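Since we're looking at a predicted model, the values are computed, not measured.
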Amino acid sequence: MLCESLSPSPVSYACILKACGSLGDLNKGEQIHAQNNQSLFQKGKMLANALLDMYIKNGALDEAQEVFDNLLNRDVASWTLIIGCYAQERQGEEAVTLFERMQCEGICPNSLSFVAVLRAYGNTKASECILAVHSQVHGEPLYKKDIMISNALINAYMKCSLVSKALELFNDLAIKDSVSWNVLISGYAQVGHSEEALSFYELMETAGFSPDPFTYACICKACANLCAVYQCQQIFTNIVNDGLFQRDIVTSNSLLDMLSKCSMLKEAHEVFDRLPSRDIISWNSLIAGYAQHEHFAEALTCFEQMQDDNFAPDAFTFASVVRACGDLGASSKGQEIHVDMVKYGSLETDMVLGTALVHMYATFGMLGEAQDVFDKLPFQDSTSFNALLTGYAQSGKIEFVIELFSKFIEYNIKLDSATFSNVLNMYIHTGLLEDAQLYFKTMVEVFITLLTIDHFNCLADLFGRAGDVEKAALVIKEMPFHSNFAAWITFLGACQNCRHAKLGRWAFENASELTEKDAAAHVLMSNIYAAISTYHMTGAGL
DNA sequence: TAAGGTACAG
């Protein structure tokens, strides 16, 4: 058109901007924006909104906000576009604020505005607001397009785990479309009601709706939650038969993730090899699958291959490989990856990664590095504090443990049950009985709710190792849990060391009540008797 | 010839 010297009209521009939005061609869109008189985009609502939409579809939030701010006449579409933009970007609070501002400025929201704000309400778990919208639209005549509001409502309810409200609305729908089924199934999968997700998938097919990529993503997630191998195979077959495996990357990634999570790693790798195209999510799913099932070397091999294939690792990749390095004890590779994480800026934006790194260095016993990463975190939360404390405890750095623990008390940081076990185990290995008792006493006073039977078993173990089997017995008798096999077998070991036949017999009988014919219990008990008879025979007497 | 609901990775 331009070659033939025709000047584009506002209509041409609107069409071209729409194309830039759906193709993801931000450069072309920016070019059109820059080459024209800015008044073109400020006055006419249609073209201004087309430009706004182009920036939003390209994920250019700042530019979208700027276009919106410079608009002279904002109509309901302009407001809805920017509200939808923030709702989609998980900036729900911002979206809700804009929704309120829009009404203050005298613009009345329409169906589409409600759909946009419902997404924000769902993401921010604003259940009261969702209920308010629901009662507002309730009883209004249901036009066909308003099925979108119903679907958005079901989705928002599910995001707040209001499962029965979502189901009630779904059942009351006069007309359902495939999105209605998808949001319901997706909701069940997200709240962890995976069986229901699969049941509604069956019902959906019975009702005559074919699964689409959205449906497959949801049921793959449900199957992954359940580790349902048989159903995995069924879905795998369906996806291949539908031809979606070749056509839709989200579906193939969902499939890949499902197979990985269900330990079907061989199948996952085959699917990966057969993919017509791959993206970063395909790589991350495969790497995560290997890391989650402790195939750490394979995880790291894939990580190398991914980079050879010119994919830059992101926060998801790092999370898997950091764990793999830690568990493999691959400290130099781990440090290399740390450098990459700094290079890509992943650490500044992601708390999970920082904590994973603290944990990795703690596993290597490189506590200086662990402390350094911890100190540089954007903020320290309970998870990162626990990772650091565990590191010090596992390395037996008592003075650091004591110092850090006092910070837990001072700043009211929630102590993790597993961290507490690690600290107790440190005391077991250092044999500092008095310090351990003091620590346990503080635990009872400050963190009583997280005490488990394992912690009491640790305390009994401490006394047993110190040779005080009477105190150990008292802990077992008086702890607020039913003693388990682990408690008795540890205690029996302590009785063996002290050659305490009476308490040993007591432990043996209790252990036998819980588990019959356990070899370890019999060996320990017979050792006690053998030791005592040797003692008699050597004339030492009892 | 402007806006819309559902989906995949730590």
- Give a yes-or-no answer on whether the side chains of Ser282(A) and Asp279(A) include a donor-acceptor pair shorter than 3.5 Å.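 Distance-only check passes for Ser282(A) and Asp279(A).
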- Task: Verify whether one side chain among Asn36(A) and Tyr13(A) offers a donor that lies under 3.5 Å from an acceptor in the other.
- Result: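 Yes - a donor-acceptor pair under 3.5 Å links their side chains.
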Rounded to the nearest angstrom, tell me the gap between atom [atom1] in [X] and atom [atom2] in [N].
| X | N | atom1 | atom2 | answer |
| --- | --- | --- | --- | --- |
| Ile16(A) | dA2(B) | CD1 | P | 14 Å |
| Asn182(A) | dC8(B) | CG | P | 11 Å |
| Arg74(A) | dA3(B) | CZ | P | 19 Å |

Considering just the side-chain nitrogens and oxygens of [X], establish if one lies under 4.0 Å of OP1 or OP2 belonging to [N].
| X | N | answer |
| --- | --- | --- |
| Lys221(A) | dC8(B) | yes |
| Lys159(A) | dT6(B) | no |
| Gln190(A) | dA7(B) | yes |
| Lys176(A) | dT6(B) | no |

- Contact residues, residues 332-349 of chain A to DNA chain B [heavy atom, < 4.0 Å]: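 Contacting residues: none.
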- Which residues, if any, of residues 245-258 of chain A bring a heavy atom under 4.0 Å of DNA chain B?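 Contacting residues: Val250(A), Asn253(A), Ser254(A), Asp257(A).
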- Query: Between Asp25(A) (side chain) and Ala19(A) (backbone), is there a donor-acceptor pair under 3.5 Å?
  - Reply: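 No; zero donor-acceptor contacts below 3.5 Å.
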- Item | Quiz item: Asp75(A) side-chain donor-acceptor pair to dA3(B) base, under 3.5 Å |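 Such a pair does not exist between side chain and base.
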- Message: Taking donor-acceptor contacts at under 3.5 Å, does the side chain of Asp350(A) reach the base of dG10(B)?
- Response: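 For Asp350(A), whose side chain was compared with the base of dG10(B), there is a donor-acceptor pair (under 3.5 Å).
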- Are Phe316(A) and dA9(B) stacked, counting the six-membered base ring, centres under 5.5 Å, planes under 30°?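 Base of dA9(B): stacked against Phe316(A).
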- Message: From the set dT1(B), dA9(B), dA3(B), return the single nucleotide nearest to any side-chain atom of Asn284(A).
- Response: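 Shortest atom-to-atom distance from the side chain points to dA9(B).
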- Quick one: do Glu270(A) and Lys266(A) satisfy salt bridge (Lys or Arg N to Asp or Glu O under 4.0 Å)? Show the steps, please. CA-CA 6 Å; Glu270(A) 277 166 19; Lys266(A) 196 170 148 277; 3.6 Å; yes
